[in-house]
Amino acid sequence: THLLPPRPHPPTRPRPRLRGAGGSFTIEESMAYVICKEFRWEMGHRLAPHPGDCRHIHGHSYRAAIQVTGDLDEMGMVIDFGTLGQYARPLVDQLDHALLLWGEDEPWVSFFQSQGQKLVLMDTHPTTEHLAAWWAHHMQQALQAHPNLHHLTVTIHESQTAWAAYSLPLRSPLCQP
């Protein structure tokens, strides 16, 4: 019988090493990393059934923090911050200086539409929690094109001290190799 030569191991990329004053260490590329990019806009809204002041039309200086968890790509990034910005910018443009209302909030919806105002309608009350979910589902569609990404969390700040977050998987655990 003929013996086959041993099969060579597939080439592996050398793991990057960082050197500094504290010595050097190896970057673990198989670990999940977390990145975050923030976006800002100004927007008005009202919560029709709210018993307090939130039932009145009012505005906030909003911030969306888009947090993505994933493995490093061949460039050593989870995702390019510019690419994340390209996905988020249309959402910011849609919301900036708009009035966000529940689609059944009459007569306000009809009035503002008749005045040609920038209006964004939701299928539910425009709470910070619902806005976080709206952002997350829109971002999820774009981010699924990146196979190294695992998880998305969108945090919406409606003030310096008040925020809500919504998280979604980007990969089903059942589909992992």
Checklist entry - Taking the side chain as C-beta and beyond, is there a heavy-atom pair between T69 and Y33 under 4.5 Å? => result no
Next on the checklist: When you group the ILVMFWY residues by side-chain heavy-atom contacts below 4.5 Å and let the links chain together, are W163 and L91 in the same group?
Outcome noted: no
Item to check | L149 with L168, same ILVMFWY side-chain cluster at under 4.5 Å | outcome: no
Item to check | Taking every non-hydrogen atom, the tightest pair across R55 and A48 | outcome: CB-O, 4.0 Å
Checklist outcome for this item: For G103 and V109, the nearest pair of non-hydrogen atoms, with its separation, is O-CG2, 3.9 Å
Next on the checklist: Any non-hydrogen side-chain atom of M43 less than 4.5 Å from a side-chain atom of L131?
Outcome noted: yes
Without placing hydrogens or testing angles, list every side-chain donor-acceptor pair under 3.5 Å for residues 133-142, not counting sequence neighbours.
from	atom 1	to	atom 2	distance (Å)
H137	NE2	Y166	OH	3.4
H138	ND1	W134	O	2.8
Q140	NE2	P169	O	3.1

Next on the checklist: For a 4.5 angstrom cut-off between non-hydrogen side-chain atoms, does Q67 reach T155?
Outcome noted: no
Checklist entry - Are L99 and W108 close enough, and set up right, to give a side chain to side chain contact (heavy atoms under 4.5 Å, CB included), and what steps lead you there? => result CA-CA 10 Å; L99 179 60; W108 293 112; over 6 Å; no
Item to check | Non-hydrogen atoms of P147 and R171 that approach each other most closely | outcome: CA-NH2, 2.9 Å
Next on the checklist: Are I35 and F39 connected into the same hydrophobic cluster when the rule is that any two of I, L, V, M, F, W, Y join if their side-chain heavy atoms are below 4.5 Å apart?
Outcome noted: yes
Next on the checklist: Could you check whether any side-chain heavy atom of L101 comes within less than 4.5 Å of a side-chain heavy atom of M122, counting everything from C-beta outward?
Outcome noted: no
Next on the checklist: By the ring-ring contact (aromatic ring centres under 6.0 Å, His included) test, which pairs, at least two apart or in different chains, include something from residues 71-90?
Outcome noted: Y87-H146
Checklist entry - Between A132 and A164, what is the shortest heavy-atom contact and its length? => result CB-O, 3.9 Å
Item to check | Neighbour count above 12 (heavy atom, 6.0 Å) for Q160 CD | outcome: no
Checklist entry - So, do S167 and H151 sit near enough that their side-chain heavy atoms are less than 4.5 Å apart? => result yes
Item to check | N/O donor-acceptor pair under 3.5 Å between K118 side chain and D96 backbone | outcome: yes
Item to check | Approximate separation, where rounding is to 0.5 Å, of Q86 CD and I79 CD1 | outcome: 9.0 Å
Next on the checklist: Using side-chain heavy atoms (C-beta onward) and a distance below 4.5 Å, is T128 in contact with E158?
Outcome noted: yes
Item to check | Close side-chain approach of I66 to L84, heavy-atom, < 4.5 Å | outcome: yes
Checklist outcome for this item: Smallest heavy-atom separation, I156 atom then A64 atom, equals CD1-CB, 3.7 Å
Checklist outcome for this item: Closest heavy-atom pair, L72 versus N148, reported as atoms and distance to 0.1 Å, is C-ND2, 4.3 Å
Item to check | Side-chain donor/acceptor of D73 to backbone N/O of G76, under 3.5 Å | outcome: yes
Next on the checklist: Is the shortest side-chain heavy-atom distance between L47 and T127 below 4.5 Å?
Outcome noted: yes
Checklist entry - Is it true that F111 and L121 fall in one hydrophobic cluster, defined by side-chain heavy atoms closer than 4.5 Å? => result yes
Checklist entry - Can you list every pair that meets ring-ring contact (aromatic ring centres under 6.0 Å, His included) and has a residue in residues 59-78, with sequence neighbours left out? => result W41-Y62, H45-H60, H58-H60, H60-Y62
Item to check | Gap between atom NE2 of H125 and atom SG of C54 - 0.5 Å precision | outcome: 13.0 Å
